[in-house]
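Notes follow once the structure below has been shown.
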Amino acid sequence: MSAKVESQVSLKPYNSFGIDAEALHFAQARSDDDVRQLLAYAASEDLPVLVIGGGSNLLLTRDVTALVLRMNSSGIRVLSDDGERVVVEAEAGEPWHPFVQWTLEHGLAGLENLSLIPGTVGAAPMQNIGAYGVEIKDVFAGLTALDRQTGDLHEFSLEECEFAYRDSHFKRNPGRWIILRVRFALSRVGALHLDYGPVRQRLADQGITQPTARDVSEAICSIRAEKLPDPATLGNAGSFFKNPVVSAELAQCIRDQHPGVVAYPQADGRVKLAAGWLIEQAGWKGYRDGDAGVHRMQALVLVNYGQATGEQVHELAQKIQGDVLERFGVELEMEPNLY
Ligand code: FAD
Ligand code: NAP
């Protein structure tokens with residue numbers, strides 16, 4: 001077997017929360033063959049398998065009594081190019097943001113609003129990553145996944161992925177599929193999405209009136225760098241809760257008591273509330289208990305100041321959920337994957 005299996009490995013460098021949980025066994029897969037061999041090894045040892053990428057959407061609440069298989073495959077290729085529409089395929093282990101930069105350097109638009117999201121290409125379909133009004137479903141052109149039940153490869157179409165807000169077929173069927181490579185339909189003449197949050201204003205502040213996709217990417221990188229803690233210096237997994245989508249009646253009831261509520265009407269008549277606003281109103285912004293806390297600039301982000309355990313972060317998350325439910329009647333759903 002070409003991949004090396006190590007034992008009793010700290011996962012601290014492999015999760016952006018910086019939680020010091022231990023993997024019973026750990027190995028990195030650089031190819032499809034590595035993945036198959038590691039799955040066969042795990043089966044022969046009767047070990048469960050936990051697949052990870054960059055560990056930026058994980059909360060490890062205990063040691064992992066499994067083989068942790070980290071996707072580390074690499075490769076980016078153009079599959080087709082008709083002069084306007086270009087289909088690009090990337091291996092699962094490719095880090096996401098450098099991949100976005102590669103597309104921009106090749107004059108391809110489509111992923112610029114998803115700049116600076118941590119993690120890997122292979123994990124991006126898991127929760128249909130999204131930011132600044134774009135989700136990967138908007139540029140998705142297919143993916144190849146290994147079915148762990150049968151050992152067969154399956155080519156997924158857009159419909160089969162069942163993408164939704166921070167959700168997908170893969171998230172709803174955890175452990176079944178290993179995503180090996182993902183395809184994106186990008187554009188040399190793409191329309192840019194500037195109407196979300198402060199993007200247009202940031203470009204205007206820089207005197208840019210006819211932005212390119214690269215300009216949009218740079219504007220979003222600068223906004224994100226100001227608002228979000230860098231996991232390299234403060235452990236976190238980005239937004240800890242999804243924005244809740246509630247009935248129009250509940251949204252109105254909250255608005256009656258809190259006229260400043262941040263709310264976005266949805267096409268189906270329901271209303272998306274900004275979870276960060278609810279948590280901040282409940283007084284949690286900047287809260288700290290030991291080394292687990294709520295970021296002082298962004299209430300949606302839970303942080304590890306150094307030695308917090310995953311359990312402590314989870315307990316804090318549960319307290320916030322209970323408080324928000326009691327105050328506003330709104331259930332907050334956690335976004336990271338708990339182990
Ligand atoms: P991991 O955390 O390693 O894994 C996540 C899940 O996917 C796990 O369940 C794992 O088992 C599974 N998985 C991983 N790779 C594979 C694979 N190849 N095949 C099958 N299953 C797999 N998310 C957004 O949507 N939008 C944002 O704007 C955003 N901003 C963030 C900002 C910060 C500072 C941080 C820390 C996180 C942010 N996130 C955001 C969350 C996170 O970056 C994304 O969800 C990212 O796609 C996770 O990738 P990963 O490789 O780190 O996945
Ligand atoms: P923000 O711009 O301060 O906005 C707060 C919330 O309001 C966001 O969560 C966003 O929902 C919603 N929102 C803002 N403008 C909207 C519009 N025009 N239409 C509908 N909804 C709107 O948010 P932020 O925290 O700085 O994040 C900026 C973007 O990056 C958001 O898209 C956010 O989802 C994404 N992000 C995600 C993570 C993560 O870990 N998942 C981490 C950081 C940033 P949406 O979240 O639905 O877009």
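One-based numbering, in listed order, for ligands and for the atoms of each. Just so it is clear, the values below take in all heavy atoms, side chains as well, and ignore hydrogens, waters and symmetry mates.
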- Query: Is any side-chain heavy atom of R181 closer than 4.5 Å to a side-chain heavy atom of D32?
  - Reply: yes

- Query: Looking at side-chain heavy atoms only, is the closest gap between I129 and Q127 below 4.5 Å?
  - Reply: yes

Ligand 1 contact on [X] by region, counting heavy-atom pairs under 4.0 Å:
{"X": "A237", "value": "backbone"}
{"X": "K171", "value": "neither"}
{"X": "N236", "value": "both"}
{"X": "T120", "value": "both"}

- Distance-only N or O hit between ligand 2 and Y132, under 3.5 Å: yes

- Query: Any Lys/Arg nitrogen of E91 or R77 sitting under 4.0 Å from an Asp/Glu carboxylate oxygen of the other?
  - Reply: yes

- Item | SB check R183 E89 (cutoff 4.0 Å) | yes

Which ligand 2 atoms are under 4.0 Å away from a heavy-atom of [X]?
{"X": "K227", "answer": "1 (P), 2 (O), 3 (O), 24 (P), 26 (O)"}
{"X": "E335", "answer": "39 (C), 40 (O), 41 (N)"}
{"X": "L228", "answer": "43 (C)"}
{"X": "A131", "answer": "30 (O), 32 (O), 35 (C)"}
{"X": "R224", "answer": "30 (O), 43 (C), 44 (C)"}

Should [X] be counted as touching ligand 1, given the test is an N or O pair under 3.5 Å?
{"X": "Q127", "result": "yes"}
{"X": "S56", "result": "yes"}
{"X": "G54", "result": "yes"}
{"X": "I52", "result": "no"}

- Message: Tell me whether Y165 reaches ligand 2 (any heavy atom closer than 4.0 angstrom to a ligand atom).
- Response: yes

- Query: Quick one: does K242 get a heavy atom under 4.0 Å from ligand 2?
  - Reply: no

- Does NZ or CZ of R62 lie under 6.0 Å from the centre of the six-membered ring of Y339, at an angle within 45° of the ring axis? yes

- Test: R288 cationic atom under 6.0 Å from Y305 six-membered ring centre, within 45° of axis: yes

- Query: What pairs with R296 under side chain to side chain contact (heavy atoms under 4.5 Å, CB included), at least two apart in sequence or on another chain?
  - Reply: none

- min-distance protein heavy atom vs atom 18 (N) of ligand 2 -> Y196 CD1, 3.6 Å

- Item | Steps toward side chain to side chain donor-acceptor pair (under 3.5 Å) verdict (E22, S10) | CA-CA 4 Å; E22 189 176 88; S10 167; over 6 Å; no

- S56 side chain to A237 backbone, donor-acceptor under 3.5 Å: no

- Item | Any donor-acceptor N/O pair, T61 side chain to E311 backbone, under 3.5 Å | no

- Using the side chain to side chain contact (heavy atoms under 4.5 Å, CB included) rule, pick out the option among L11, L302, V303 that qualifies with F17. L302

Atom indices of ligand 1 within 4.0 angstrom of [X] heavy atoms, with elements:
{"X": "M71", "result": "18 (N)"}
{"X": "W177", "result": "20 (C)"}
{"X": "G55", "result": "1 (P), 2 (O), 3 (O), 50 (P), 52 (O)"}
{"X": "G130", "result": "24 (C), 25 (O), 26 (N), 27 (C), 28 (O)"}
{"X": "A131", "result": "28 (O)"}

- Task: Verify the distance criterion only: is there a donor paired with an acceptor across the side chains of D291 and Q307 at less than 3.5 Å?
- Result: no

For residues 39-51, please give each side-chain donor-acceptor pair under 3.5 Å, one per line with the distance, not counting sequence neighbours.
residue : atom : partner : partner atom : Å
S44     : OG   : Y41     : O            : 2.6

- Protein non-hydrogen atom found under 4.0 Å from atom 5 (C) of ligand 2: no

- Would you confirm whether any non-hydrogen atom of the protein falls under 4.0 Å from atom 46 (O) of ligand 2? yes

- Message: Does only the side chain of I129 get under 4.0 Å from ligand 2, or the backbone, or both, or neither? Count heavy atoms.
- Response: neither

- Message: Determine whether the aromatic ring centres of residues W277 and Y264 are separated by less than 6.0 angstrom.
- Response: no

